[in-house]
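Remarks on the structure that follows.
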Amino acid sequence: MDRMRIALPEAFIGLGTLAFAGLVLWQTEQIPVSPLYAKVGPRVLPYITTGGIALLGALLLWRGLRGGWQPEEEKEVAPDWRAVAVLTVALVANVTLIGPLGFSLASTILFVLVAYAFGDRHVVRNAGIGLVLALLAYFGFARTLGVNIGAGFLENLLGG
């Protein structure tokens, strides 16, 4: 059997994911815990999430060290830099607009731009889908969990 070569890009993705798990663990340790919690406190879910990220990172690293997960014919395809640029603009726009516009409208713009980057040109339909999903997420956080994730004009108009 042929000896597989290490796929460095995939191995670096695994290492980066493990490093991210370490960052999440460090930040989880910073969460204050009241002595009133007997067993289940505010750190439980972040610890579970950290474990999942670390497991994923370890699996990605293992696959990278064994030759990677990407088929050879895909490794030769050049990245679509235009799509990468649109995705970058989408993320920057979301972070920039969440304060002035609120979570729902900023997330709708993010949804439309990400769909556009992936080749979907139905802007009006995507805006409708994005708005519904963003409003569900916003009101899920605001009403169910009591967490304000960025109320704007639209959320205030709808009673958020």
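- When all heavy atoms of P42 and P32 are compared, the closest pair comes out as CG-O, 3.8 Å.
- No continuous path of ILVMFWY side-chain contacts below 4.5 Å connects Y116 to F111, so the two sit in separate hydrophobic clusters.
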Quiz item: Do V114 and N126 pass the side chain to side chain contact (heavy atoms under 4.5 Å, CB included) test, and can you show the C-alpha distance, the side-chain angles, and the key distance before you say yes or no?
Solution: CA-CA 10 Å; V114 168; N126 291 336; over 6 Å; no

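- For D120, the salt bridge (charged side-chain N to carboxylate O under 4.0 Å, His left out) partners two or more places apart in sequence, or in a different chain, are R125.
- Of all the heavy atoms in A83 and A117, the pair that sits closest is CB-O, 3.4 Å.
- Note that CG of D80 is 9.0 Å distant from CG of L87, once rounded to the nearest 0.5 Å.
- In this structure, the separation between OG1 on T50 and CG on L45 is 9.5 Å, given to the nearest 0.5 Å.
- One N or O on the side chain of N156 and one on the backbone of G152 form a donor-acceptor pair closer than 3.5 Å.
- When all heavy atoms of I149 and A137 are compared, the closest pair comes out as CD1-O, 4.3 Å.
- Heavy-atom contacts from other residues, nucleotides or ligands closer than 6.0 Å to CZ of R121 number more than 12.
- Atoms CG and CG, from L61 and L56 in turn, are 11.0 Å apart once rounded to the nearest 0.5 Å.
- In terms of hydrophobic clustering, with Ile, Leu, Val, Met, Phe, Trp and Tyr side chains grouped at heavy-atom distances under 4.5 Å, L15 and L8 are assigned to a common cluster.
- Note on F139 and F141: same hydrophobic cluster, where clusters join Ile, Leu, Val, Met, Phe, Trp and Tyr whose side-chain heavy atoms are under 4.5 Å apart, directly or indirectly.
- To the nearest 0.5 Å, the span separating CG on L136 from OG on S107 amounts to 12.0 Å.
- The main-chain N or O of Y138 is never found under 3.5 Å from a side-chain atom of E155 such that the two would form a donor-acceptor pair.
- Across A134 and T108, no two heavy atoms sit closer than the pair CB-OG1, 4.2 Å.
- Atom CD1 of residue I13 and atom CG of residue L18 lie 12.5 Å apart, to the nearest 0.5 angstrom.
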Quiz prompt | Residue pair V33, R43: steps toward the side chain to side chain contact (heavy atoms under 4.5 Å, CB included) verdict | solution = CA-CA 8 Å; V33 178; R43 292 182 182 171; 3.3 Å; yes

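- A donor-acceptor pair is defined here as one N or O able to donate and one able to accept, closer than 3.5 Å; such a pair exists between the side chain of N94 and the backbone of A106.
- One hydrophobic cluster holds both I6 and F12 under the rule that ILVMFWY side chains link at heavy-atom gaps under 4.5 Å.
- Remark: the backbone N or O of G68 is paired with a side-chain donor or acceptor of R63 at under 3.5 angstrom.
- The hydrophobic cluster containing L135 also contains F103, counting ILVMFWY residues as joined when their side-chain heavy atoms lie under 4.5 angstrom apart, directly or transitively.
- For the pair F118 and V86, the minimum side-chain heavy-atom distance is 4.5 Å or more.
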Compile the donor-acceptor pairs under 3.5 Å between side chains in residues 19-29 and protein atoms, sequence neighbours left out, one pair per line.
residue: T28; atom: OG1; partner: V24; partner atom: O; Å: 2.7
residue: E29; atom: OE2; partner: Y47; partner atom: OH; Å: 2.4

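- Taking CG of L97 as the reference point, atom CG of L110 lies at 10.0 Å (rounded to 0.5 Å).
- Looking at every heavy atom in both residues, T144 comes nearest to G140 through CB-O, 2.9 Å.
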